[in-house]
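The structure appears below as C-alpha cells.
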Amino acid sequence: MSSARITCCENLTCKSLCKRVNFSLLKVRHQTVYRDMMSDNNDPYNNWEKTKKAVGYVTREKAVQADYDRVGFRAGLEVHQQLKTKKKLFCNCPAGLYNQHDDFDAEIIRHMRPTLSELGEYDGTALMEFKTRKTIIYRIKNETACTYDIDDTPPFPMNREALEIALEISLLCRLNIVGEVHITRKQYLDGSIPTGFQRTAILGVEGEIPLRNKTIRLIQLSIEEDSCREVSDIGHVRTYQTDRLGMPLIETVTYPDFVNPEEVREGAEYIRFLNRSTGKVFTGIGSGREDVNVSCRGGTRVEIKGVAHNKWIPELTHNEVFRQWSLLRIRDLLQKKGIHAGKWKISHQELGRGFGFTHEPLVRARSEGDKVMAVNLPGFKGILSHFTQPGKMFADEVSGRLKVIACIEKPNMTHTETWEPEVSRDHWERIGRFLKAEEDDAQIILWGKEEDIPTALETVEERCKWAFEGVPNESRKSFEDGTTVFERVLPGPDRMYPDTDSEPIPLDDDYIEKLRKNLPIDVCERYTQLRDWHVPEDTYVYLLKNNLVPLIERINKELGIDTRFAGTLLGHHLKHIEGQEKSLEEFRYEKIFELLAYLKNNHIEPDLAKKMLPVIVSHPRMDMASVLTTIKFKKVSRDDIINRIPFLLKKFEEIGISSDPEARAGWIMGELRRFALGNMPLAELRQTVEDYSRKRKKETSPSSRQ
Amino acid sequence: MSEDIFQGYKGKALEVLKKFNARVWGQVEIDTTRGLFHGTILPRAENDDDRHIVLKIKTGYNIGIDIDTVKNIKELGYKKAKYQIPEKEFPYSDDKPNVKLLGTGGTIASRLDYRTGAVIPAFSPGELYGAVPELADICNITTEKLFAVFSENMGPAQYIALSRAIGKEIEKGIDGIIIGHGTDTLHHTAAALTFMVQDLPVPIVLVGSQRSSDRPSSDAALNLMHAAYAAGHSDIAEVLVCMFGPTSDEYGFLHRGTRVRKMHSSYRSTFRTLGDIPLAKVTKNSVTLLKKSYNQRRRDRKVTILPYFEEKVSIVYYYPNMQPDIIDSLVENGYRGIVIAGTGLGHVNKPLYPAIERAVAKNVAVYMTVQTLWGYVHMYVYDTGRDLLAKGVIPAANMLPEVAYIKLGWALGQTDDLKKVKEIMLAPINDDITEREPYNGYLVYQGGVPEVEEFIRKFRK
C-alpha cells in the first residue's frame, strides 16, 4: 500500500483516484491508518483494482467490438409498450389515469403463495418470493381501480381495441400470427399484480426487425396487463398503487442477436419507433419500458428490468457483460484454490454484547435489538473484494440478496474486505478465532431481526455457492449510473398456467388480412423516405420517435410544401423549441399542419413558421392572427422589399467595412430579413440581392466610370 | 381401453391430428400458411371448438393453431406432463390437537382439469402439507375424502353422509373437524349440519375459498389455517362457517351455520352473518369472541345425529305478477313443503291466494320468509299478511329463506304431522330464529358518504 495515497489528499494519485472511485468511499479512506497494517497485496482496494484489470474491464468509451467479442457479448430485448385505449385490458376502468401515491381511498393486504405450473413444477422465483414472506399493501383509488384489479372479480372479456392495436404491431413485426389467442397466467409473486399472475397472451411468434447493418429476429409478441407501480419496499412490507395496473401492454421479445451495447440501443429505438408508427400507443414517461437480457460467453441470461430510457441501455449492458465475466473469473479462482464446491458451507456464530462495535449501522442494529451474526466463508479471501461492476465488488452481490430475500434493509452487512475498515482489526481477529477461521477465509458480519436471520444465513450460503458455478440466473434492477442490483431469481417457463377464467379468442384469416391492409408504413421505409427527401439525418430519431413522417407527407401532399423544409422545421426548430419553451397545455403536432395551412391560405411564405413556432408551442390555443401580431409581422409587398435594395447597397458602401460581395449581400439580407420573412422566399430575396449587387458593382467599377 | 392420445380433440381438429399422425403431448413443428410454429400439443377443453390445435410453445405460453392454415405437422418428440403437488408426510406432534379434514370437493388444493379446462380439487394430507406447511404448526391433520363434488352438487344425500361421518369422528375422539367445501352452497350445508348434528362437543368448521388454490393470491391457505385453528383450539362447539372477514389477508370470521349467507359472487369476504354479528374473529393463532354466548367445547363424546331429509321441498321467490300455477305445479308434483321468500314483511299478491289455499288443503306445509334477508316476517301489519295467515301460511320469523328451506326439509324428513313440523320449525336451533335483532345486525354502509369513506381508508376492506 502506498502511504502517499492515504496521507495526502492533495497528492496527485489521490486526486486521480477521486475521479475513478465513488467520492464518499474515498472520504473515509483519508481518515484511516488501516492500510499501514496491510501489505499492498492484502489491501481490498488494491485487490479490487487488480481484479478489475485481470478481468480486462474497459470503460464503454474505450471499448471496441473486439472487447465485446472477447467476452462474448450477447443481448436480447423485451420491449414493453402501453397501448392507447380508453379502458384497461380485462376490466372497464379508464386506462392512462394516474394518481399521486398518497392519494387513495382504501388499502388492501395480500400475501402471495407459490403454486404449481401447468406442467407440475414450482418456479424458482416463486419459491424465492415465498421465502421473503412479504406483506403486500395495495392502494386503491376508486376512479382508477375496481374489484377486478384487486382480484375480487373475475376478468371481463379482453379489450378488443387493445387486441387490434397489438395485432397491427405484430403484423408490422412480420410475426406468424396465432390462430387462436390463449390467455395465460404468468406468475409474479413479488405482488406487483394482486392476482399473483399477469394475464398475458401470445399473438405472434418468429418475426424480425431490420437494423442498419443486420436483421434482428423476434421470438414473440404478447399482449398483457400492466402491473402496479411500487410505492415503497421496506423490510417485510411492500406497497403498490393500482392505477397503472391492468392497462393494456405489449411485450416484443427479440432473440439474443445483439453483439454490442450500441446495437441493443438501436434495436430498442427501432421497436419503439415501430410501436409509435401506429399512433395508437401511449408516449409519456413510463409508457415504454425495456427489459434487457445480457450474457457473456459461459455466462447466463441475466435480465435487467424496467429500463425506462433507451439511452441507459448501452452502459447497463456494457457493465453487465463485464460483471458476468468477473463472476466467471471468481469461479476460476475458487476452482484454482481447490475448494470442493459440493462440500463448501458457511459457519456462523452470534456476536454477543461482548463485541462492542463503533460502525454506525452496527451500533444502530444493536440498539434496535437486532441479532448480529458473524459468518465464515472458507477460502473466500480476496473474493469478497473482487471487482464486479464500477464501484462494486462481490460482497455487494451478497448484500443485495440479503435485502431482497431476507428483507434486511441496507446496510445489512460488513466484511473483512471493505475498502475502508468498518470493524477494527482486533475485532476481526477475535471473530476469526471465534469462528475457527483459517488464513484464506473471509468473514461477514450481518445483522437483522431474529426471525430473518435463518433466511439471511441461507441466502449468504446460497449466493456464495453460486460463485463456484459462475453466474446465477437473475433479474436485476438498474440504476442511472449504469450499475445493477439483484432483484429476484429469474423466472422460467414454469411459471405459466392457462387462465381458466377466459375463453380462447379465434383470429380468422379475413380479420388478419383486413388489418394487414391498413398498416402504417414500415419504419425502415420511413428511414429511406427521409433520406430520399434529404432531411438532415440528425432529425430522424425525433421524427420517428414522435411518428412525424406521416405529418410531413401530409404537409407536402396537401399544402405543396417541400418535405425537406417540413422535416427540418419539425426535426430542428420544433425540437429545439420544445426543449426551451414550457407549454402551458399539451402541444399537438397537428398544430403544425394548421400553421402551415394558415400561412398558405394567407399567401404568407412558410419561412415565417420558424418565427411563429415558439409562440405556438407555449400558447397552443392562440389563434394564428394573434400569433402574427405577437411576432409583429407586417405584410409588405415583394416590390416594396426589392425596392429597398439599391438604397441599402449605397448605405453599405457608405459604411464601407468590406468590399467583399459576400459580406455585402449578407449585410443587406440581415437588414431585409425582418420585412421579408413570410413575405417572400428568403432564397429568392438572396438571389435578387446578389443580382443587384453584381449590377451595382458593374455601375461603380472604374471601367464603367470612364 | 388404451389411453386417449387425442384428449379433448374432436371433429375437424381430430381429423387433422390423425392425418398428420400427431398426438397430445407430442413435441411438434407445425407448418402453416401463417408460418412455422414449434411446441407441445396440449389437450383441448371439451367445450372449445374443433377448429384449433392448442400448442405450448417453448416460452411456456399456450397458443391455438387454426386447422385451416395447417400444411404439415411433424412430431419431433413426446413429453407428457405429470401434475403433482409435492407430497410430504404430515408431521405429528403430541402437544397439538387432532383435527380431521373431511373433503367434499372444494378447492383447498386443486389442479388443472384438461377435460373442462377448469380446476379440479386435489386432496391428501401429504399434498395439503406440501401446499400449506404452516398447518403443521397449528394441529395434527388427517383427511378423509367423502366425495368430490362441486358445491352446487351438494344435496341431502351428502348432508346425511357428512353428519354420519362427523358422528363417527367425534366418537373416535377427534378434537375438531374441518369440512372443505365449495363456497356456493356452503351456507346450505352449514344449516343442514346444524340441524342434523346437535349437542356437539367439538367445533365443526366449514371452509372454502373464493379463489382456487392454483392462484398465488388464493384465500384457500389462509382460510384453511384459520379453520384449523378454530377446529383445534377454539372453545366453540358449534357448526361454523370460517371465511375471510375483510377481503384483505387479515382475519377470518366464524359465522353461525344458521345465520350466514354468501353475499357476493366473487369477493373473498363474501360470507356475512345476517341479522346478527359473527360469533368470533379468527387468525392463524387466535380466536376472539364477538358474541358472549355459545355452545362450549366438552370432553365427553356425546352427540345427537338426526340424519333426516325430505327432498320434496322448494323455495318460491315471489315476484310481482307471479301466477298461481307456480304454486299449483309444485303441489301437483307432490311437493310437501314450500318456503316462500315474500316481499317486504312477507307478502305475495292476491291471485296467489287460491293456489295457497289449495296447497294447504293438500297438507303442504307453507312457510313465509322475507326476500329482504334482514328483518322479521310480520304478517299483522297489512291486510295481505293477515289474509295469508288466515289461509294457513306460517311466518318463519327472521329465519333466512335458505335456512328455512333446509329446516323444512329436515323437519318433514322426520314426520308427516304438520303440527309437529310446525313445532320443529319454530323452535329456534342455534339462532336460526333469534328473539331480537341487535342494532348492529344490519350494517350495509354505502360508499361515497364522507364518514364511510374515512372509515374505509383507515380500516382495510
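Just so it is clear, the structure is predicted and the values come from calculations on it, not from any experiment. Labels below follow one simple rule: chain letters A, B, ... track the order of the sequence lines, proteins then strands, and each chain is numbered from 1.
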*Tell me, side chain or backbone of B:His264 under 4.5 Å from chain A's heavy atoms, or both, or neither?*
side chain
*Quick one: closest heavy-atom pair of A:Thr195 and B:Pro216, and the distance?*
O-CD, 3.7 Å
*Of the backbone (N, CA, C, O) and the side chain (C-beta and beyond), which part of A:Pro194 lies under 4.5 Å from a heavy atom of chain B, both, or neither?*
backbone
*Considering only NZ, NE, NH1 and NH2 on the basic side and carboxylate oxygens on the acidic side, decide whether B:Arg34 and A:Asp509 come within less than 4.0 Å.*
yes
*Taking atom types as modelled and ignoring hydrogens, do the side chains of B:Ser217 and A:Arg113 form a donor-acceptor contact shorter than 3.5 angstrom?*
no
*asked:* At under 4.5 Å between heavy atoms, what parts of residues 137-144 of chain A are in contact with chain B? List them by residue number.
replied: A:Ile137, A:Asn142
*Do the numbers put B:Arg457 on top of the ring of A:Phe104, so that NZ or CZ is under 6.0 Å from the six-membered ring centre and no more than 45° off the axis?*
yes
*Quick one: what part of A:Ile219 sits under 4.5 Å from any heavy atom of chain B, side chain, backbone, both or neither?*
side chain
*Is a side-chain donor or acceptor of A:His182 paired with a backbone partner of B:Val54 at a separation under 3.5 angstrom?*
no
*Go through the structure and list residues passing ring pair (Phe, Tyr, Trp, His ring centres under 6.0 Å) with B:Phe455, not counting sequence neighbours.*
B:Phe459
*Is it the case that A:Asp152 and B:Ser266 place a side-chain donor and acceptor less than 3.5 Å from each other?*
no
_Heavy-atom proximity to chain B below 4.5 Å, by part of A:Thr135_ = neither
*So, A:Thr184 and B:Asn62: side-chain donor and acceptor under 3.5 Å apart, yes or no?*
no
*Side chain, backbone, both or neither of A:Thr147 within contact of chain B (heavy atoms, under 4.5 Å)*: side chain
